[in-house]
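Note that the structure is a prediction, hence the values are computed from the model and not measured.
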Amino acid sequence: MTEGTTSAAAEGADTLTRLEQEGEIAADYLEGLLDIADLDGDIDMDVEADRASVSIISDTGSRDLQKLVGRDGEVLEALQELTRLAVHRETGDRSRLMLDIAGYRAHKRSELSELGAKAAAEVKSTGEPVKLKPMTPFERKVVHDAVKAAGLRSESEGEEPQRFVVVLPA
């Protein structure tokens with residue numbers, strides 16, 4: 001191994017260790033939250049796409065976790081921000097941690113990928129830009145990725161919370 005390769009490998013290991021630490025801090029914070037709320041759920045930690053990923057899942061299929069998702073994922077978004085703040089308090093570093101509860105984000109990602117692909121197909125057939133409804137940053141990112149995978153480009157326009165994706169012809 002060359003010195004550059006060794007350095008890159010060490011840096012990758014450091015990043016992985018840091019992200020795993022973020023996941024553990026987040027898991028501890030969320031376990032406390034579940035205890036306070038008297039909700040049952042298991043915590044699953046992973047590292048995906050250079051960010052810590054933490055999921056709260058239920059073996060029993062309990063609808064109780066839906067309370068932590070809220071309408072249109074509003075409570076989930078707030079909990080994600082609180083969890084990121086808890087990680088920041090412990091590490092001093094800004095966290096890009098992703099939180100999923102009861103598979104909500106995974107399901108939403110699938111729906112949004114399909115929406116992005118359909119919008120791209122419409123733009124390809126008509127040659128006209130397509131404006132989508134306002135979305136959260138997470139939702140816009142998924143749509144942008146789907147449009148890119150379809151070989152087109154997209155942009156976000158507007159101001160939060162009314163920011164939306166515009167799919168553009170190639």
Engineer: Hydrophobic cluster membership, with links at side-chain heavy-atom distances under 4.5 Å among I/L/V/M/F/W/Y: are Val69 and Leu33 in one?
Structural biologist: yes
Engineer: Can you tell me how far apart CD (Gln66) and OG (Ser58) are? Round to the nearest 0.5 Å.
Structural biologist: 10.0 Å
Engineer: Closer than 3.5 angstrom, by distance alone: can the side chain of Arg140 be matched with the main-chain N or O of Val165 as a donor-acceptor pair?
Structural biologist: no
Engineer: Does the side chain of Pro161 reach to within under 4.5 Å of the side chain of Pro134, using non-hydrogen atoms?
Structural biologist: no
Engineer: Taking atom CD1 of Ile56 and atom CG of Asp40, what is their separation to the nearest 0.5 Å?
Structural biologist: 12.0 Å
Engineer: Got more than 12 heavy atoms from elsewhere within 6.0 Å of CG, Asp35?
Structural biologist: yes
Engineer: For Thr136, does its backbone N or O pair with a side-chain atom of Glu139 as donor and acceptor, under 3.5 Å?
Structural biologist: yes
Engineer: Do the non-hydrogen side-chain atoms of Leu68 and Leu65 ever get within less than 4.5 Å of each other?
Structural biologist: yes
Engineer: List the atom of Ala26, the atom of Val54, and the distance in Å for their closest heavy-atom pair.
Structural biologist: CB-CG2, 3.9 Å
Engineer: Do you know the tightest heavy-atom contact between Val167 and Ser154?
Structural biologist: CA-CB, 4.2 Å
Engineer: Just verifying a value: how many Å separate Ile43 CD1 and Leu34 CG, rounded to the nearest 0.5 Å?
Structural biologist: 5.0 Å
Engineer: Quick one: closest heavy-atom pair of Tyr29 and Ala86, and the distance?
Structural biologist: CD1-CB, 3.6 Å
Engineer: Taking all heavy atoms of Leu152 and all of Pro169, pick out the closest pair and write down the distance.
Structural biologist: CD2-C, 4.2 Å
Engineer: Out of curiosity, Ser156 OG to His144 NE2, how far, rounded to the nearest 0.5 Å?
Structural biologist: 3.0 Å
Engineer: Which atom pairs, one a donor and one an acceptor, fall under 3.5 Å between side chains of residues 87-98 and the rest of the protein, sequence neighbours left out?
Structural biologist:
| unit_1 | atom_1 | unit_2 | atom_2 | d |
| --- | --- | --- | --- | --- |
| His88 | ND1 | Asp93 | O | 3.2 |
| Thr91 | OG1 | Val87 | O | 3.0 |
| Thr91 | OG1 | Asp93 | N | 3.1 |
| Thr91 | OG1 | Asp93 | O | 3.4 |
| Ser95 | OG | Glu22 | OE1 | 2.9 |
| Ser95 | OG | Leu97 | N | 3.1 |
| Arg96 | NH1 | Asp50 | O | 3.3 |

Engineer: Is Glu160 atom CD crowded by more than 12 heavy atoms from other residues, nucleotides or ligands, each under 6.0 Å away?
Structural biologist: yes
Engineer: Can you tell if the side chain of Lys148 reaches within under 4.5 Å of the side chain of Asp145, non-hydrogen atoms only?
Structural biologist: no
Engineer: Do the side-chain N and O atoms of Arg105 and Gln80 include a donor-acceptor pair separated by under 3.5 angstrom?
Structural biologist: yes
Engineer: At their closest point, which heavy atom of Gly151 faces which heavy atom of Ala170, and how far apart are they?
Structural biologist: O-CB, 4.5 Å
Engineer: In this structure, would Tyr104 and Leu39 fall into the same cluster of hydrophobic residues linked by side-chain contacts under 4.5 Å?
Structural biologist: yes
Engineer: Could you walk me through whether Ile101 and Leu79 pass the side chain to side chain contact (heavy atoms under 4.5 Å, CB included) check?
Structural biologist: CA-CA 10 Å; Ile101 299 174; Leu79 287 174; 3.9 Å; yes
Engineer: Using 0.5 Å steps for rounding, measure from the CG atom of Leu99 to the CD atom of Glu81.
Structural biologist: 10.5 Å
Engineer: Could you check if a side-chain atom of Met45 sits within less than 4.5 angstrom of a side-chain atom of Glu20, using non-hydrogen atoms only?
Structural biologist: no
Engineer: Quick one: pull up CZ in Arg109 and CZ in Phe138 and give me the separation to the nearest 0.5 Å.
Structural biologist: 4.5 Å
Engineer: Does Lys118 form a salt bridge (Lys or Arg N to Asp or Glu O under 4.0 Å) with Glu122? I'd like the steps, not just the answer.
Structural biologist: CA-CA 6 Å; Lys118 283 181 180 177; Glu122 182 179 336; over 6 Å; no
Engineer: Is there a side chain to side chain contact (heavy atoms under 4.5 Å, CB included) between Thr83 and Leu30 once you walk through the steps?
Structural biologist: CA-CA 7 Å; Thr83 305; Leu30 292 166; 3.5 Å; yes
Engineer: Glu48 vs Leu19, test: side chain to side chain contact (heavy atoms under 4.5 Å, CB included). Steps then yes/no.
Structural biologist: CA-CA 10 Å; Glu48 299 172 357; Leu19 293 174; over 6 Å; no
Engineer: Show which residues join Leu168 in its hydrophobic cluster (side-chain heavy-atom contacts under 4.5 Å, direct or indirect), or state none.
Structural biologist: Phe164, Val166
Engineer: Which residues satisfy the side-chain contact (heavy atoms from CB on, under 4.5 Å) test with Asp42, sequence neighbours excluded?
Structural biologist: Ile57, Asp59
Engineer: Counting only heavy atoms not in Lys124 (residues, nucleotides, ligands), do more than 12 fall under 6.0 Å from its NZ?
Structural biologist: yes
Engineer: Please find the pair of heavy atoms, one from Ala52 and one from Gly23, that lie closest to each other, and give the distance.
Structural biologist: CB-N, 4.1 Å
